[in-house]
Amino acid sequence: MNNKIVYTPGPTNVRENVRQARFIKTTNPDIDVDFVEFYKETCDALANLIKTENDVYLLCGEGILGLEAACASLIEKGDRVLVIDNGIFGNGFKDFVSMYGGEVVLFSQDHRNSINTDELEKFLEYDNDFKFATIVHCDTPTGVLNDLSTICPLLNKHNILTVVDSVAAMFGEKLLVDEWKIDIILGGSQKALSAQPGLTIVSLSEEAKKSIKNRKTNIIGFYCNLSIWDNYYENKHFPYTMPISDILSLRKAVDNIIEDELENVITRHEKISKATRRALSEYGLKLFLESGFSNTVTAIEIPKEIGALNLVNYILNTYNVVIGTSLGEYKNSLLRLGHMGENARLESIIYILNILEKSLTNLGFEGNGCLVNLFNKYYE
């Protein structure tokens, strides 16, 4: 199991110094104020990377925890919530909204394209009575990227709070939380940050905090209640025992991005993703998306006679390489390349493209030329 090569859109490969950080001798995070300082410094470093003055917290749970916690903390029974849907995770927000008693209103568009802001604006002129709206930055099952720089200010203009799932985009795409007027932004440790899975990154604007504080009813539950983080730093006390080894490891991953410089990290993602898509297209494979291509995920349509599930099983059994298909209706039709975080390295993508070509050829697909050579032609 430990010898498998993993090239999925999260969890991603973890750098050696991040793995080693998990083995550092730890203290008691419940009572050691030095760890409270370390946690706060880590959150402040994350805030600086995503360009926000808002408070940032690390929650003990994989990224889905953040999605549910945002809905649980904001929604009171009967609140109208706009779910902006152009992907499986975008649509999936409706389940959390309904679970906590909210009234779902869907704004749905084609999964092959990013959200059309002009059409959203027309919709909002007709109906804008929403407590908040949910939007996915990069919808991982297809890799479609939505333009937060236009969507979130538009929602803000109508006094609609924004809840953004940036789990698959954060640190691989440009993200200006304050400038783009994002109220709650959610990220995960296991994607482009390239730490181990298990932590959610969440940032709350003052408007979001005010909305939570001014509820007329109590928040259902404890773990998904974002208000439990109020004044943790002033009180030097966490609402529950923090997974200290996970946080030590994540901090090292954050330090890696700071050392590499975020702008360079994003440029590396962009160059690899563009060359990958151009190479795949020239080779003769069809990309799923028509617009809204992300830096972090590329979805490829696999011919029916081969099948995506059959292809990934062949790759695993033949080369001991783990590559993912998609979810839901796309499970057996799409292959996803997760060129994010430590996966967005030349040595990684070239190896995977070589494996992909060999596997497709052995399963009867005739491509045009050599995938690796095509990638090298377009990589600049």
Side-chain angles (χ1 to χ4, degrees), residues 9-11 59-112 114-115 120 123 127 129-146 148 151-152 155 160-170 182-191 197-202 204 208 211-212 215 217-228 297 299 324-331 334 336:
L59 311 184
C60 177
E62 189 270 340
I64 291 292
L65 170 62
L67 278 60
E68 181 174 351
C71 293
S73 299
L74 286 172
I75 293 171
E76 293 187 85
K77 188 172 179 59
D79 283 339
R80 299 180 80 235
V81 178
L82 179 63
V83 174
I84 299 175
D85 156 36
N86 65 327
I88 290 175
F89 285 144
N91 181 271
F93 258 116
K94 73 179 188 303
D95 297 328
F96 290 128
V97 173
S98 299
M99 185 186 305
Y100 289 97
E103 179 186 332
V104 175
V105 177
L106 282 168
F107 177 81
S108 298
Q109 292 199 317
D110 180 12
H111 288 192
R112 292 181 184 268
S114 54
I115 290 294
L120 177 60
F123 173 88
D127 187 2
D129 182 23
F130 302 104
K131 187 171 189 178
F132 68 94
T134 64
I135 180 73
V136 176
H137 194 182
C138 170
D139 209 295
T140 328
T142 62
V144 66
L145 185 75
N146 290 312
L148 302 182
I151 293 171
C152 293
L155 293 162
I160 303 169
L161 295 173
T162 48
V163 173
V164 175
D165 168 3
S166 187
V167 172
M170 190 180 285
I182 301 171
D183 290 293
I184 298 182
I185 189 82
L186 304 160
S189 55
Q190 78 274 26
K191 302 282 188 176
L199 293 172
T200 290
I201 301 160
V202 57
L204 277 76
S211 180
I212 295 170
R215 293 173 56 110
T217 58
N218 292 329
I219 295 172
I220 298 172
F222 177 81
Y223 215 60
C224 288
N225 180 349
L226 293 176
S227 70
I228 63 177
V297 185
T325 63
S326 188
L327 304 175
E329 62 186 289
Y330 308 121
K331 187 174 183 180
L334 298 183
R336 295 182 299 161

Donor-acceptor contact present, side-chain K191 to main-chain P9, <3.5 Å
yes
Thinking salt bridges, do D85 and K94 make one under a 4.0 Å N-O criterion?
no
Kindly compute the distance separating CD1 (I115) from CG (N86), expressed to the nearest 0.5 Å.
4.0 Å
Verdict with reasoning, L74 to S211, per side chain to side chain contact (heavy atoms under 4.5 Å, CB included):
CA-CA 7 Å; L74 286 172; S211 180; 3.8 Å; yes
Could you walk me through whether I201 and M170 pass the side chain to side chain contact (heavy atoms under 4.5 Å, CB included) check?
CA-CA 10 Å; I201 301 160; M170 190 180 285; 4.2 Å; yes
Can you name the closest pair of heavy atoms from I160 and A133 and give their distance?
CG2-N, 3.5 Å
Any donor-acceptor pair under 3.5 Å linking the side chain of T200 with the backbone of G188?
no
Separation between CD1 (I228) and CD1 (I219), nearest 0.5 Å, reads 9.0 Å
Tell me, please, which residues at least two apart from F107 pass ring pair (Phe, Tyr, Trp, His ring centres under 6.0 Å).
F123
Output the distance between atom CG (L120) and atom CD1 (I84), rounded to the nearest 0.5 Å.
5.0 Å
Those residues at least two apart in sequence (or on a different chain) that pass side-chain contact (heavy atoms from CB on, under 4.5 Å) with C224 are L65, E68, A69, A72, Y100
Determine the minimum heavy-atom distance between I88 and H111, stating which atoms define it.
N-CE1, 4.2 Å
Considering all heavy atoms, the nearest S326-P141 contact:
OG-O, 2.7 Å
First locate atom CZ of R336, then atom OG1 of T325, and finally report the distance between them rounded to the nearest 0.5 Å.
7.0 Å
Under 3.5 Å donor-acceptor, E76 side chain and R215 backbone
no
Could you tell me which non-hydrogen atom of G90 sits nearest to which non-hydrogen atom of V83, and how far apart they are?
O-CG1, 3.2 Å
Contact list for residues 68-99, test ring-ring contact (aromatic ring centres under 6.0 Å, His included), sequence neighbours left out
none
If only atom types and distance count, is the side chain of R112 paired as donor or acceptor with the main-chain N or O of V144 below 3.5 Å?
no
S73 and I212 have their tightest heavy-atom pair at O-CG1, 3.6 Å
Examine distances only and state if a side-chain atom of T162 and a backbone atom of D183 form a donor-acceptor pair shorter than 3.5 Å.
yes
Short question: side chain of N146, backbone of L148 - any donor-acceptor pair under 3.5 Å?
no
CG on N91 to CG on L106, rounded to 0.5 Å:
6.0 Å
Step-by-step side chain to side chain contact (heavy atoms under 4.5 Å, CB included) determination, L145 to S114
CA-CA 6 Å; L145 185 75; S114 54; 6.0 Å; no
Nearest heavy-atom approach of V297 to C138 is CG2-SG, 4.3 Å
CG (D165) and OG1 (T140) are apart, to the nearest 0.5 Å, by 6.5 Å
Verify side chain to side chain contact (heavy atoms under 4.5 Å, CB included) between L155 and L82, making sure each step is shown before the conclusion.
CA-CA 10 Å; L155 293 162; L82 179 63; 4.2 Å; yes
